[in-house]
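A quick write-up on the structure given underneath.
Just so you know, ligand 1 is whichever comes first in the structure, and atom 1 is the first atom listed for that ligand. Here, residue 1 is the first one in the sequence, and each next residue gets the next number. Computed over heavy atoms, backbone and side chain alike; hydrogens, waters and symmetry mates excluded.
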Amino acid sequence: MQVIHDPDSLRPFRGCALVPTMGALHEGHGSLIRRARAHGRPVVATVFVNPTQFGPREDFAKYPRTLDADVALAERCGADAVFAPSPDVMYPDGAEAARAQAEAFPLPPAAREPGLEDACRPGHFGGVCQVVARLFDLTMPGISIFGEKDYQQLRVLTQMVALSGGRWGAMRVEPGPTVRESDGLAMSSRNRYLRPEQRDQALGLVRALQMAASAQHPATAESLMSATLAEHGLATDYAVVRDADTLLPVSGFERPTRALIAARLDTVRLIDNLAMPVWR
Ligand code: PAF
């Protein structure tokens with residue numbers, strides 16, 4: 001397996017199955033790499049902690065950087081290359097220009113209308129779309145795989161590609177299901193910030209989603225989620241049921257919907273989501 005820093009060395013991997021990441025890889029990323037492998041294309045995982053998607057008070061400086069371990073995990077899961085570019089490769093015009101370009105990025109509807117991560121983390125999706133578009137430009141993948149754990153991000157990037165007018169040819173975005181720890185907590189690079197005694201509280205997210213799945217109406221599901229999060233001492237950013245495609249509010253369970261939660265435990269912000277049953 002190759003570790004690539006120079007984009008010229010990516011040329012043999014055009015048409016690859018791409019797994020973009022910010023590193024600190026865990027089994028959730030591993031499952032995306034294995035899924036990529038199943039497409040019979042060369043598999044490239046990218047590792048870049050993207051400054052433009054972090055807000056000024058977020059954890060960019062302390063975000064874990066574990067390239068050697070990431071390379072080992074990517075290789076074990078079947079990647080052919082890890083692309084780990086420097087900030088200069090990603091943003092040749094410098095950090096300030098990169099921020100300005102992220103702010104000006106034309107955002108698809110799922111990044112501006114739902115009032116979810118877009119409301120809680122202003123500027124976040126400008127940075128995500130900017131960095132992913134740049135990674136696509138450099139790698140020109142045939143398929144790109146993103147985890148359902150970041151469900152709004154998955155919808156945003158799917159729309160970005162659909163609205164791009166074929167900028168990346170016939171490239172498709174494929175979702176990878178969320179991988180959970182044995183206790184149900186969704187795997188996340190940020191779980192390592194949790195103290196052992198916070199674990200049961202963090203499980204409030206998955207318990208809230210399970211409660212939502214038992215409800216007959218979205219409004220009931222939302223009340224049950226809010227109550228469960230409060231019982232676990234979690235501060236709720238949102239706990240809502242939305243249309244699974246548009247992420248806009250819904251009034252029933254006749255179409256595919258998704259329950260989505262973001263909640264805070266001291267300084268750790270956790271997100272999770274679950275497909276709701278369809279009742280016709
Ligand atoms: O999901 C992530 O790890 C990041 O947001 C992504 C898609 C790699 C862009 O930096």
What are the polar N/O contacts of ligand 1 with the protein below 3.5 Å, with distances?
residue	atom	partner	partner atom	Å
ligand 1	1 (O)	Gln153	NE2	2.8
ligand 1	5 (O)	Gln53	NE2	2.9
ligand 1	5 (O)	Gln153	OE1	2.7
ligand 1	10 (O)	Gln53	OE1	2.6

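Legend: salt bridge (Lys or Arg N to Asp or Glu O under 4.0 Å) pairs involving residues 176-196, not counting sequence neighbours, sorted by first then second residue: Asp59-Arg190, Arg180-Asp272, Asp183-Arg199, Arg195-Glu197, Arg195-Asp266. For residues 240-255, the side chain to side chain donor-acceptor pair (under 3.5 Å) pairs, not counting sequence neighbours, are Asp243-Thr246, Asp243-Arg255. Every pair passing salt bridge (Lys or Arg N to Asp or Glu O under 4.0 Å) that includes a residue from residues 202-221 is listed here, sequence neighbours excluded: Asp200-Arg207.
With no hydrogens or angles considered, no side-chain donor-acceptor pair links Gln198 and Tyr193 at under 3.5 Å.
Side chain of Asp237 to main chain of Ala263: no donor-acceptor pair is present (N/O by atom type, distance under 3.5 Å, no hydrogens or angles). Looking at Glu174, its side chain never comes within 3.5 Å of a backbone N or O of Ile145 through a donor-acceptor pair.
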